[in-house]
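Atoms within each ligand, like the ligands themselves, are counted from 1 in listed order. Small disclaimer: the values here were computed from a predicted structure and weren't measured.
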Amino acid sequence: MPATITSVAHYVPPDIYDNAFFESYLDTSNEWIVTRTGISERRILKQGATSDLIIPAAKECIEKRGIEPDEIDTIIVATVTPDYLFPNTASIVQHKLGIKNVWGFDLSAACSGFIFALVTAAGLVESGISKKLLLCGADKMSAITDYSDRTQAILFGDAGGCVLIEKSKDPNLGILDHILQVDGVGLPYLHMLGGGSANPANHETVEKKYHYLYQDGQTVFKAAVVGMADFSLEIMRRNNLKSEDVDWLVPHQANLRIISATGNRMGLPPEKVMVNIDKYGNTTAATIPMCLSEWHQAGKLKKGHNLILASFGAGYTVGAVYMKWYMND
Ligand code: COA
C-alpha cells in the first residue's frame, strides 16, 4: 500500500519585509526584484530558531488530523538551517511537542529537502517501520543570508510546513512515484562554506563571509530550469501522464521564471501551477509543504488530483514526485 499525506499545515512569522525595505538601503528596485524573481515580500523570524517555525505548524497538523501527539512515532526535519549542528532539530521538535517514544532525524538536501524527506518518509511508512510520521520542512534562511549583498538579500524568507504521512487506504492513491538525484558538481555554485569540518568557525571564516549562503545566480538558474523540467517530464512520461492529466505542478519556489519555464515545458497553463513566491520568497525546505497547505486550505486539492512535486537545490539536488491527492477521507 502506498503512503499518503493525511494532514498538512504551515507557519509563517508575522514580520513582513517588502521590496521597499531593500530599496531603502541597497542599490536595488522593486521593479528589478519583481521582474527578475517574482518576489514582492518575505517573512523574517526576528527571534527564535528553525524549530520555532516548525512547532506552530506541527501542532496544527496534528490537531487537524485529530490524533494525540503521542501517536506520532517518527519525526523527520528537512532543513539546512538546523537550530544547531547537533543535537538534531528532530530531537528539539520532539521535546517541544512533548512526544514520547518517537525517533527521527534531520535531512539535508537544501531546496530539495522536502521532496527527499517525503520519499524517505513514504518508504518508512510503506515498509511498516513508521505508522504516523511527522515530516517538517523548515528553514530560517535569514540566519545565513548576507543582507549587505543585493544579489542574495532579496531572495529568501523564513517559514515552516508540516505534513503527516500514513499508509493510504487506497492502493491507487497517495505517493506513487519519484525520481531523485544528487550531483556534487553544484558545490562551487551554491554553498555555505563555513561551520562544517572543512572550514570550522574562526575569525577568518567570519571575515570571508563563509557563514553566509553563496550563490552564483546565473549558473544555478540555468541548471534549475533544466533539472526541474527534465525530472518533471520524465515522471510524467513513465506514469503515462499527458499535460491535461496533471492537475497541479507543485514547484519549489526559488524564482518565478524557473517555475514558469518548468510549467511551460510540461505544457501546463499557469492556473495549474502553484505559485506563492510573491508573498514569501524562497523558504528552501518549506516552499512545497507551504503550497500544499495553502491550496488545501483554499479547498483546491481534490481526492484523486494528479500532483507533480518538483525541486532543485544546492548539491545539486533534484527531485520529482508523483502523487494522487488523498487524505484517507
Ligand atoms: N537589484 C538590482 N540589480 C541586481 C540585483 C538586485 N537585487 N541583484 C543582482 N543585480 C544585478 C547584477 O549585479 C547584474 O548586474 P551587471 O549586469 O551590472 O553585472 C544584473 O543584475 C544581472 O544579474 P544576474 O545574476 O544575471 O541576474 P539574474 O537575472 O540571473 O537574476 C537571480 C539573479 C539570483 C534572481 C537568478 O539568477 C536566480 O533566481 N537564480 C537561481 C536561484 C535558484 O534557483 N536557486 C536554487 C535553490 S536556492
Side-chain angles (χ1 to χ4, degrees), residues 17-42 78-81 108-116 137-159 180-193 212-232 249-263 265 273 275 277-278 280-288 290-291 309-320:
Y17 287 71
D18 63 12
N19 292 344
F21 169 77
F22 296 99
E23 282 180 326
S24 72
Y25 78 98
L26 287 174
D27 181 16
T28 190
S29 67
N30 178 55
E31 203 226 328
W32 191 97
I33 301 171
V34 171
T35 53
R36 304 311 290 165
T37 71
I39 301 167
S40 295
E41 55 190 44
R42 65 294 284 149
T79 189
V80 285
T81 52
S108 170
C111 296
S112 297
F114 182 79
I115 284 192
F116 279 31
D139 272 296
K140 185 187 174 185
M141 295 306 290
S142 61
I144 59 167
T145 300
D146 179 359
Y147 284 102
S148 68
D149 178 352
R150 67 175 182 172
T151 67
Q152 320 291 346
I154 51 119
L155 295 174
F156 297 98
D158 303 336
L180 307 178
Q181 191 179 77
V182 293
D183 185 354
V185 72
L187 172 63
Y189 311 114
L190 186 49
H191 56 235
M192 190 178 84
L193 292 180
Y212 290 133
L213 170 150
Y214 166 82
Q215 172 171 248
D216 172 346
Q218 269 197 23
T219 305
V220 177
F221 185 93
K222 286 177 197 155
V225 167
V226 173
M228 282 202 6
D230 281 358
F231 275 51
S232 302
L249 168 64
V250 195
H252 170 56
Q253 311 276 310
N255 186 313
L256 183 57
R257 290 182 292 142
I258 298 173
I259 296 169
S260 305
T262 306
R265 273 195 62 201
V273 181
V275 174
I277 190 172
D278 49 316
Y280 307 122
N282 181 351
T283 57
T284 305
T287 61
I288 290 177
M290 292 239 295
C291 281
L309 284 52
S311 66
F312 187 92
Y316 298 125
T317 52
V318 200

K.L.:
Could you see which bit of Leu26 sits under 4.0 Å from ligand 1, with heavy atoms only: side chain, backbone, both or neither?
P.N.:
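None of Leu26 does.
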
K.L.:
List every atom of ligand 1 that sits less than 4.0 Å from any heavy atom of Ala254, numbering the atoms from 1 in the order shown and giving each element.
P.N.:
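This gives 43 (C), 44 (O) as the contact atoms.
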
K.L.:
Protein heavy atom under 4.0 angstrom of atom 9 (C) of ligand 1, is there one?
P.N.:
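There is a protein heavy atom less than 4.0 Å from atom 9 (C) of ligand 1.
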
K.L.:
May I ask you to list the atoms of ligand 1 that are less than 4.0 angstrom from any heavy atom of Phe312?
P.N.:
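Counting from 1, the qualifying ligand atoms are 47 (C).
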
K.L.:
Determine, stepwise, if the pair Tyr212 / Asp149 fulfils side-chain contact (heavy atoms from CB on, under 4.5 Å).
P.N.:
CA-CA 10 Å; Tyr212 290 133; Asp149 178 352; over 6 Å; no

K.L.:
Is Ser29 close to ligand 1, meaning an N/O of one under 3.5 Å from an N/O of the other?
P.N.:
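No - when backbone and side-chain N and O of Ser29 are compared with those of ligand 1, no distance drops under 3.5 Å.
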
K.L.:
Output yes when a side-chain donor or acceptor of Thr287 lies under 3.5 Å from a complementary backbone atom of Thr283, and no otherwise.
P.N.:
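Pair absent, no side-chain N/O of Thr287 close to backbone of Thr283.
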
K.L.:
Answer whether the closest heavy-atom distance between the side chains of Met141 and Asp158 falls below 4.5 Å.
P.N.:
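Yes - at least one pair of side-chain heavy atoms lies under 4.5 Å apart.
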
K.L.:
Which ligand 1 atoms, with their elements, are less than 4.0 angstrom from a heavy-atom of Thr151?
P.N.:
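Near Thr151, the atoms of ligand 1 are 8 (N), 9 (C).
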
K.L.:
With a 4.0 Å heavy-atom cut-off (strictly under), which part of Trp32 contacts ligand 1: side chain, backbone, both or neither?
P.N.:
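Just the side chain.
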
K.L.:
Checking a contact table here: which protein heavy atom is nearest atom 11 (C) of ligand 1, and how many Å away?
P.N.:
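For this ligand atom, the closest protein heavy atom is Arg150 NH2, 3.6 Å.
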
K.L.:
Can you confirm whether Ile115 sits close enough to Ser311 that some side-chain heavy atom of one is under 4.5 Å from a side-chain heavy atom of the other?
P.N.:
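Yes - at least one pair of side-chain heavy atoms lies under 4.5 Å apart.
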
K.L.:
May I ask you to check if ligand 1 and Gly217 share an N or O to N or O distance below 3.5 Å?
P.N.:
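In this structure, Gly217 places an N or O atom under 3.5 Å from an N or O of ligand 1.
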
K.L.:
Report yes or no: does Glu23 contribute a side-chain atom to a donor-acceptor pair with the main-chain N or O of Asn30 at less than 3.5 Å?
P.N.:
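Looks like yes, one N/O pair under 3.5 Å.
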
K.L.:
Shortest non-hydrogen contact from Ala109 to Phe116?
P.N.:
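Here Ala109 and Phe116 meet closest at CB-CD2, 3.5 Å.
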
K.L.:
Please indicate, with yes or no, if any protein heavy atom is found under 4.0 Å from atom 18 (O) of ligand 1?
P.N.:
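Within 4.0 Å of atom 18 (O) of ligand 1, no protein heavy atoms are found.
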
K.L.:
Does any N or O in the side chain of Ser112 come within less than 3.5 Å of the main-chain N or O of Thr317, such that one atom is a donor and the other an acceptor?
P.N.:
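Indeed, once roles are kept as given, a pair shorter than 3.5 Å links the two residues.
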
K.L.:
Check for a donor-acceptor pair, side chain of Thr79 on one end and backbone N or O of Thr81 on the other, with a separation under 3.5 Å.
P.N.:
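Yes: the side chain of Thr79 pairs with the backbone of Thr81.
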
K.L.:
Give the numbers and elements of all ligand 1 atoms closer than 4.0 Å to a heavy atom of Cys111.
P.N.:
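Ligand 1 atoms under the 4.0 Å threshold to Cys111: 47 (C), 48 (S).
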
K.L.:
For ligand 1, does Thr28 get within less than 4.0 Å through its side chain, its backbone, both, or neither, judged by non-hydrogen atoms?
P.N.:
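Both the backbone and the side chain of Thr28 come within reach of ligand 1.
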
K.L.:
State whether the shortest distance between N or O atoms of Thr37 and N or O atoms of ligand 1 falls below 3.5 angstrom.
P.N.:
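The answer is no, given that Thr37 and ligand 1 share no N or O pair closer than 3.5 Å.
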
K.L.:
Ignoring hydrogens, tell whether any protein atom lies closer than 4.0 Å to atom 31 (O) of ligand 1; use the non-hydrogen atoms only.
P.N.:
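Yes; the ligand atom in question has protein heavy-atom contact below 4.0 Å.
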
K.L.:
Which protein heavy atom lies closest to atom 44 (O) of ligand 1, and at what distance to 0.1 Å?
P.N.:
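Going atom by atom, the protein heavy atom closest to atom 44 (O) of ligand 1 ends up being Ile258 CD1, 3.2 Å.
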
K.L.:
Closest heavy-atom contact between Gln215 and Gln152?
P.N.:
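Scanning both residues, the minimum pair turns out to be O-NE2, 3.2 Å.
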
K.L.:
Has the side chain of Ser29 got a donor or acceptor atom that lies under 3.5 Å from a matching backbone atom of Trp32?
P.N.:
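Flag set: sc Ser29 to bb Trp32 pair under 3.5 Å.
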
K.L.:
Checking Asn255 side chain against Arg36 main chain: does a donor-acceptor pair fall under 3.5 Å?
P.N.:
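Yes, Asn255 side chain to Arg36 backbone: donor-acceptor pair under 3.5 Å.
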
K.L.:
Listed by chain and number, what are the side-chain contact (heavy atoms from CB on, under 4.5 Å) partners of Leu256, not counting sequence neighbours?
P.N.:
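For Leu256 the side-chain contact (heavy atoms from CB on, under 4.5 Å) partners, ignoring immediate neighbours, are Ser260, Val275, Ile277.
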
K.L.:
Which protein heavy atom lies closest to atom 45 (N) of ligand 1, and at what distance to 0.1 Å?
P.N.:
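Protein heavy atom with the smallest distance to atom 45 (N) of ligand 1: Gln215 OE1, 2.8 Å.
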
K.L.:
Which one holds for Asn282 and ligand 1: side chain close, backbone close, both close, or neither close, with close meaning a heavy atom under 4.0 Å?
P.N.:
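Near ligand 1, Asn282 shows its side chain, while the N, CA, C and O stay back.
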
K.L.:
Look only at the side chain of Tyr189 and the backbone of Tyr316, and say whether a donor-acceptor pair between them is shorter than 3.5 Å.
P.N.:
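Absent.
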
K.L.:
Which residue owns the protein heavy atom closest to atom 24 (P) of ligand 1, what's the atom, and how far is it?
P.N.:
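Its nearest protein heavy-atom neighbour is Gln218 NE2, 4.0 Å.
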
K.L.:
Has Gln152 got any heavy atom lying under 4.0 angstrom from an atom of ligand 1?
P.N.:
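No, Gln152 has no heavy atoms under 4.0 Å from ligand 1.
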
K.L.:
Of all the atoms in ligand 1, which lie at a distance below 4.0 Å from a heavy atom belonging to Arg36?
P.N.:
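Under 4.0 Å from Arg36, ligand 1 has these atoms: 29 (O).
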
K.L.:
Please determine if Asn255 has a nitrogen or oxygen closer than 3.5 Å to a nitrogen or oxygen of ligand 1.
P.N.:
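Asn255 vs ligand 1: N/O contact under 3.5 Å present.
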
K.L.:
Please report which non-hydrogen protein atom sits nearest to atom 28 (P) of ligand 1, along with the residue it belongs to and the distance in Å to one decimal place.
P.N.:
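For this ligand atom, the closest protein heavy atom is Arg257 NH2, 3.8 Å.
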
